[in-house]
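Reviewing the structure listed below.
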Amino acid sequence: MKYELPEWVAEWARKAPSLKVTPPGPKSMSIIELDSEYVSEANDRLFKFVMHKASGASIMDADENIYIDFSSGVGVMNSGWSNPKVVNIIKDQAERLVHSLANDSYFEYQAKYAEYLAKKSPGGVLTKCFFGNSGAEAVETAVKLSRYHTGRSEHIAFMGAYHGRIGNSLALTSKKTYKHRHGPMSPGIYFAPYPYCYRCWFGQEYPSCGMLCLDYFEKAFLEYGGPSGDVASVFVEPIQGEGGYIVPPKEFLPRLRRICDERDILLVSDEIQAGFGRSGTLWGCENWDVVPDIITIGKAGGGGVPFGGIMSKKEVIEDWKPGSHSSTFGGNALACAAGYAQLNEIVENDMPKRAADIGEEAIKQLKEVAEKHPMIGDVRGKGLMIGVEIVKNPKTKEPYLVRTLQQICWRKGLMMIAAGMNFNVFRIAPPLVISSQQMSDGIEIFAKAITEVEREEGIK
Ligand SMILES: Cc1ncc(COP(=O)(O)O)c(C=O)c1O
């Protein structure tokens, strides 16, 4: 089935890709110069790109270049940039109230949004929420709650995991460079192998491996080594995001659920990136019919307004008594209203199905491209969470940093950002309203870019 752009997408946005000047143009450069003087360099801004406006699945930069967007503002704009239902609710809300004081009193959209999330939660059983301001804060909240509920203090995360960049969420994140000189990290956090089958930690092949990584998880982490036996929760991304859009085998999450159940350990599904329809189901864990105890949400959850929070089973979160947790901006008026509207757009327009269908077709097209390009090591994904792993040589699988590829794509009018522990995964995560045509056009740009890279590298 071919999908068109929604009617509300602006005329200019339908012209993507369309470049007026070679980016970065003069207007972009003047903003970048100002920024360089006064804004910290801590963010790794890979290319000189200045956002001006966006609609549907297209972005315009400060020099009126129009790009197809394969990033969604890093997985935020799931129901499409400038979706009028989201924009209008923000406008209406802002005219009445910007800050809701929801931590000290009550606010309509905090209650309504929590109810909506509860009804749409996996199995309908994660029926109480706590709202904060970012993904990292959502993870902090889940750490606190899982400790409080179990009376235990240790956590297991996975190699390749990304859960945030502050406090416990940074400690739960696997990449060393993010932690460098920011220690000491919180104690009691352990990393187990995620089933990254393209680069199996044990040199095995699926399915003949018999999911050795989970045998190891049970033995090394829960029986004979690792934590003291005081594990409060396991944090898992149902599909690893920053780690490289890694889809685990079908046995992984269900068995992890069983392992946690047998030991009364809480299972936290970090859906900050995989949630809100991105992976072809509303929640990533629903791809395998797994119901976690807590879900962390962020990114798309605020419809573009800063947001983070948790959805929890009632019996877990009800342990918290008044004063157990709070945040000045939690339950923020704009975030809750926009999040509510975005969730409604995703549900009412069955965007998870749209993501599943467009994603399936895209993977098919990408696999055809891969046949002609030795630098494409792996194509994988679910819904509109697709990773293309780039290697110097398919036999050695030596990672190839996608920076050059990214620059070429950008100059051809395709906005994308990388993922992967070695920044060698071409990440495809467009707004779920992208059309079938835009998706194919983006893949064509990628194919041209990889051809150029292979030529430059002398590979083909
Ligand atoms: C799975 C996951 N968890 C947590 C986070 C942290 O969210 P934030 O950047 O809003 O703190 C991210 C961000 O990329 C993420 O992908």
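Both counts, for ligands and for their atoms, begin at 1 and track the order of listing. No hydrogens, no waters, no symmetry mates; every other heavy atom, side chains included, goes into these values.
Side-chain atoms of Y194 come within 3.5 Å of backbone N or O of E237 as a donor-acceptor pair.
Ring-centre distance between F158 and F252: below the 6.0 Å cut-off. Checked against the 6.0 Å centroid threshold, Y216 and W201 do not count as a close aromatic pair.
At a heavy-atom cutoff of 4.0 Å, ligand 1 is surrounded by S134, G135, A136, Y162, H163, G164, E237, E242, D270, I272, Q273, K299.
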Run the side-chain hydrogen bond (donor to acceptor under 3.5 Å, both in side chains) test on Q273 and E242 for me, step by step, so that the C-alpha distance in whole Å, both residues' side-chain angles and the decisive distance to 0.1 Å come before the verdict. CA-CA 9 Å; Q273 192 154 167; E242 303 303 302; 2.9 Å; yes
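Under the ring pair (Phe, Tyr, Trp, His ring centres under 6.0 Å) criterion, Y178 pairs with Y162, not counting sequence neighbours.
For K48, the NZ atom counts as loosely surrounded, since its 6.0 Å shell holds 12 or fewer non-hydrogen atoms of other residues, nucleotides or ligands.
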